[in-house]
Amino acid sequence: MTVLQPLVQPFVQPLVTVAAGAGTDTPSLVQSVDWLAIAPVVITAAVGLLVLVLDLFVPEHRKPLLGWISVAGLAAATATLLPLRAGDRTTFCLTGPGTSDPAACSYAADHFALVVQFLVLGGALVTALLSVTAVREARMPAGEYWFLLLSSAAGAALLPASRDLATLIVALEVASLPAFALVGMRRGDRLSSEAALKFFLSSVTATAVSLMGVSFVYAATGSLHLTQVADRLGHVPGQLDTLAMAGVALTLVGFAFKTAAVPFHFWVPDTYVGAPLPVAGYLSVIGKAVGFTGLILVTVIAFPAYSDVWGPALAVLAALTMTLGNAAALRQSADRPNGAVRLLAWSSVGQAGYLLVPIAAAAYAGRDQIGSTVAYALMYAAVNLGAFSVAALVARTKPLHRLADYRGLYAENPLAALAMAFFLLCLAGLPPGIIGLFAKVTVFRSAVDAGLGWLAVVMAVNVVVALYYYLRWTALLFRTPEADAAQEGAQEGAQPRTRTPWPVTVAIVLTAATALVLSGAPQLILRFATGSLFPL
């Protein structure tokens, strides 16, 4: 023991010191973990691991059970948000001498985090319902698919609660890396493999740029916690100002890529077309939620001292994004294969421009403008997932995904046609899609209140332009089917009409009910536009 004592002394002494400090005023280096606060993320990740292990033992004919376990896990994770609704929990905070800042925590279950986690987990739940049938019919490997979906959802749920730059980047990659594999899940499909490769290469490049930006910010401030970074960026020495400014700009690149903001949008159309339809819907909603959440956290909380840098930049990006997205959506032909998916892809780019407006406005009028982005994101998530749910239903008999395939849908399936028309009208901002109209009004008002009149004008013009392709698609639903439609479909690979799987029906009903409730009582969502989601 005497011989070993010099070797073990360096490791034992810190433990003795911490133990000696118990019961005294000396701060302890040991902290407890608030398991309830992190329950939504932990449950999602744990169920993903459970599914991966069970896949080794479940026989092939019982593989659909893995999907239902995933659905149950996502529902349970969503339910754990209810005990957290007070929004006053933090964990993984700095401890010890000189680090007693109560705001220096890596995880915060505040109102902002809970609202975005509800969006993420609810969207993942709808995606899982759509995937139950798709995985079986496309013969995709069930265990890998559900593990990747749950892993991505866990990362997406972690990101809004992250309060330091390292956790933000880790959460961003945990949400993104499984998504690459999900896009390429259809083995032997050239479009799927090409889309996954393009998505992977462009995303990795954007992440590398963001990591360089984070390293610059850390070099200039000496901290990764968002609140500490905000305090120290306001007092950066002159010789480090250029370094800090470059770090701020580069950090935003990765999150701008996830939002599909121009010029980081080029991966969207091909990725959506090559991905399985439930995955395309997942990327259009949860992928964007990840990007916008990251942008909000780094700009409004961490980088307010450089609002004169990121404010104008985001305003220009918003104008370019909505304009290019709507212009490309206008060009989609009704008879082009995959035209419906491409239109939804370019529409999502245009919608991303609207979502960027309140973030840019926050640079001029304060963080309360962020409520408009959150309100709009909730509306967009419900109706866009609903549109992809109806698209999944139509694709069962018309797998070419053409806009022309929706002609006369009302005669074939009135309820599906009415649901699709409602979703499209919500995206357009027309009655009876009241929530779409009110959400656009709140975004428009945030630009006006911030003094960005030119951006409000650009948005108004783009909203009018978008009416054309949304109404054109809506009109197709109620037109008389062509006499030779059945023969044409048979020649081009259409499948015989089959019974609608009930999980797809449940997904359509859930999204339609959510949109109807929000249209009937928009104050349930728009109240976030009138007050701050962040603690002062």
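Along the sequence shown, residues are numbered consecutively beginning with 1.
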Pick from L317, T321, L324: which one makes a side chain to side chain contact (heavy atoms under 4.5 Å, CB included) with P263?
-> L317
Distance only, no hydrogens: is a donor on one side chain within 3.5 Å (strictly under) of an acceptor on the other, for Y469 and N326?
-> yes
Would the number of heavy atoms belonging to other residues, nucleotides or ligands and lying under 6.0 Å from CZ of R136 be above 12?
-> yes
Only one of T44, I43, L121 passes side chain to side chain contact (heavy atoms under 4.5 Å, CB included) with T78, and that residue is L121
Residue set satisfying salt bridge (Lys or Arg N to Asp or Glu O under 4.0 Å) with K440, at least two apart, ordered chain then number -> none
Inspect the surroundings of CZ in F264 and state if more than 12 heavy atoms from other residues, nucleotides or ligands are less than 6.0 Å away.
-> yes
Would you tell me whether S347 and Y470 have side-chain atoms, one donor and one acceptor, within less than 3.5 Å of each other?
-> yes
Should we say atom OH of Y468 is surrounded by more than 12 heavy atoms from elsewhere, each under 6.0 Å from it?
-> no
Do S176 and K258 meet the criterion of a side-chain donor-acceptor pair at a distance under 3.5 Å?
-> yes
Electrostatic pair E412:R407 at N-O distance under 4.0 angstrom = no
Sequence neighbours excluded, which residues qualify as side-chain contact (heavy atoms from CB on, under 4.5 Å) partners of V174?
-> V170
Polar contact flag, side-chain donor to acceptor under 3.5 angstrom, T323-N462 | yes
Do we see a donor-acceptor contact under 3.5 Å between the side chains of Y282 and S131?
-> no
